[in-house]
Amino acid sequence: MDLGLTDKRVLITGGTRGIGRATALLYAQEGARVAITYNSSADAAHKLVEELGGPDRAMAVPYELRDPASIVSAVDTVREAFGGIDVLVANALWFTWGDPGEDDAFEDLDPEKWTRRFRANTEGHMLTAQRVVKDMRANGWGRVVLLSSITAQYGMWRSEIYSGSKAALHGFAKGLMWSQHGVLVNVVAPGATRTEFMEQLLEDPDTREMVEKEIERTPSGRISEPEDIAKLILFLGSGANGNINGEIIHTAGGR
């Protein structure tokens, strides 16, 4: 199947690890020019650029989801280098599991901290999309894929803020999908996925049981690999997707 991605200009936020990295590699294999963003992993990002075809085909830019100035700078740097952006994969995340005071019981959370977390995981993606969608609409073609989580529907222990921020992205996508300028917007909501964070949970005796119970509740009997998620993102964010728009698709083995 021709995905129509040759020389398409793709921006993947949070592209150095896990789902983001797997997605970047797939887009490069399809002939796209790929920009990835990073926060603290500059070395990993620049190594990945070489895997994506080197500086003639790929680039990496710093990006901080909590900092509007950083978002604007990252997106505009890519737009200038590539001459525009055709596909946005909004994968970056500010997740604070295990940070002191960040995953306390809801009634004990510092409102300033959870407000900052919620705003980063919602407004950060909205600003990123805003900087990109104008060009897409002007060109009459574009694809936006927002990464969410099944916790937006099902919840999770001590996930009030995280789940709420992901649910907010669902509503945002339902509004943004009304482009009618050839721009299609969809949400991919993974369940448990074998990322570095998931490996840490499996290694920790305090959290291993929680993950094992999640697997038991999954009809497919396993957690997802990053490539499982990336393949769906690739399709939705390609020319092969002709009219799938405004959908929230769970990728959680049947959950």
Side-chain angles (χ1 to χ4, degrees), residues 5 8-28 32-49 51-52 58-82 84-96 116-136 142-149 162 165-166 168-170 172-173 176 183-190 193 195-197 226 229-230 232-234 236-238 251:
L5 287 169
K8 289 295 186 185
R9 301 156 298 185
V10 180
L11 171 61
I12 302 171
T13 66
T16 60
R17 298 181 294 179
I19 295 170
R21 174 185 170 83
T23 303
L25 290 168
L26 288 182
Y27 271 107
R33 301 173 67 190
V34 181
I36 57 172
T37 73
Y38 63 89
N39 184 355
S40 58
S41 51
D43 289 344
H46 292 297
K47 287 179 181 177
L48 180 55
V49 165
E51 294 184 56
L52 298 173
M59 64 185 297
V61 292
Y63 174 97
E64 170 55 71
L65 199 57
R66 294 171 290 180
D67 181 2
S70 171
I71 293 171
V72 170
S73 175
V75 174
D76 288 354
T77 297
V78 175
R79 289 172 66 202
E80 182 176 350
F82 282 2
I85 296 170
D86 301 302
V87 179
L88 169 64
V89 178
N91 176 66
L93 170 68
W94 184 29
F95 192 60
T96 54
R116 187 169 65 245
R117 189 192 317 175
F118 186 91
R119 293 187 64 178
N121 286 326
T122 52
E123 294 177 20
H125 293 300
M126 292 175 182
L127 178 57
T128 304
Q130 183 187 49
R131 303 296 293 186
V132 169
V133 166
K134 182 177 180 180
D135 287 346
M136 293 180 178
R143 300 290 183 268
V144 177
V145 183
L146 304 172
L147 270 292
S148 177
S149 167
Y162 174 74
S165 68
K166 290 303 186 181
L169 286 182
H170 297 184
F172 173 62
L176 190 61
V183 182
L184 303 180
V185 182
N186 291 284
V187 176
V188 172
T193 305
T195 60
E196 291 180 17
F197 173 68
I229 316 302
L232 176 61
I233 295 170
L234 180 73
L236 292 173
S238 76
T251 52

Q.
If I compare all heavy atoms of Ala129 with all of Leu176, which pair ends up nearest, and what's the gap?
A. CB-CD2, 4.3 Å
Q) Should we say atom CZ of Arg79 is surrounded by more than 12 heavy atoms from elsewhere, each under 6.0 Å from it? A) yes
Q) If you look at every heavy atom in Ala90 and Leu146, which pair is closest and at what distance? A) CB-CD2, 3.7 Å
**Q.** Taking every non-hydrogen atom, the tightest pair across Ser70 and Pro62
**A.** OG-O, 4.1 Å
Q. Any idea which heavy atoms bring Val144 and Met136 closest together, and the distance?
A. CG2-SD, 3.9 Å
(Q) Distance check, rounded to the nearest 0.5 Å: Leu127 atom CG versus Ile71 atom CD1? (A) 5.0 Å
Q: Give a yes or no on whether the backbone of Leu5 and the side-chain of Ser238 come within a donor-acceptor separation of less than 3.5 Å.
A: no
Q) Could Arg9 and Phe82 be counted as a cation-pi pair, given that NZ or CZ must be under 6.0 Å from the ring centre and within 45° of the axis? A) no
Q) Got a donor-acceptor contact below 3.5 angstrom from the Tyr27 side chain to the Gly237 backbone? A) yes
Q.
With a 4.5 Å cut-off on side-chain heavy atoms, are His170 and Ser148 touching?
A. yes
Q. What do you reckon, is CZ of Arg17 surrounded by more than 12 foreign heavy atoms closer than 6.0 Å?
A. no
**Q.** Test item: Val187 and Leu169 side chains (from C-beta on) under 4.5 Å apart, heavy atoms
**A.** no
Q. Does Leu236 reach the side chain of Arg143, with side-chain heavy atoms less than 4.5 Å apart?
A. no
(Q) Restricting to side-chain hydrogen bond (donor to acceptor under 3.5 Å, both in side chains), what partner residues turn up for Thr128, sequence neighbours left out? (A) Tyr63
Q: Taking the side chain as every heavy atom from C-beta outward, state whether Tyr162 and Leu93 have any atom pair closer than 4.5 Å.
A: yes
Q: Nearest 0.5 Å please: distance from the CD atom of Glu123 over to the CG atom of Leu65.
A: 10.5 Å
Q. Looking at residues at least two apart in the chain, or sitting in another chain, which of them share a side-chain contact (heavy atoms from CB on, under 4.5 Å) with Ser165?
A. Phe118, Asn121, Thr122
Q. CG of Leu26 to CG of Leu232: how many Å apart, nearest 0.5 Å?
A. 11.5 Å
Q | Donor-acceptor contact present, side-chain Thr37 to main-chain Gly14, <3.5 Å | A | yes
Q: Identify the heavy atoms of Pro190 and Ile19 that sit nearest to each other, and give their distance.
A: CG-CD1, 4.1 Å
Q: Mark yes or no for whether Asn91, through its side chain, and Leu147, through its backbone, hold a donor-acceptor pair below 3.5 Å.
A: no
Q: Evaluate the side-chain contact (heavy atoms from CB on, under 4.5 Å) criterion for residues Ile85 and Asp135: first the C-alpha distance (whole Å), next the side-chain angles of each, then the deciding distance (0.1 Å), finally the verdict.
A: CA-CA 7 Å; Ile85 296 170; Asp135 287 346; 5.9 Å; no
Q) Between Ser41 and Thr16, which heavy-atom pair has the shortest distance, and what is it? A) OG-OG1, 3.1 Å
Q) Once you round to the nearest 0.5 Å, how far does CD1 of Ile36 lie from OG1 of Thr23? A) 11.5 Å
Q: Kindly determine whether His125 and Phe172 satisfy side-chain contact (heavy atoms from CB on, under 4.5 Å), including the steps that lead there.
A: CA-CA 10 Å; His125 293 300; Phe172 173 62; 5.6 Å; no
Q) Distance from Glu64 atom CD to Ser40 atom OG, nearest 0.5 Å? A) 9.0 Å
Q) What distance separates Glu51 CD from Leu25 CG, expressed to the nearest 0.5 Å? A) 6.0 Å
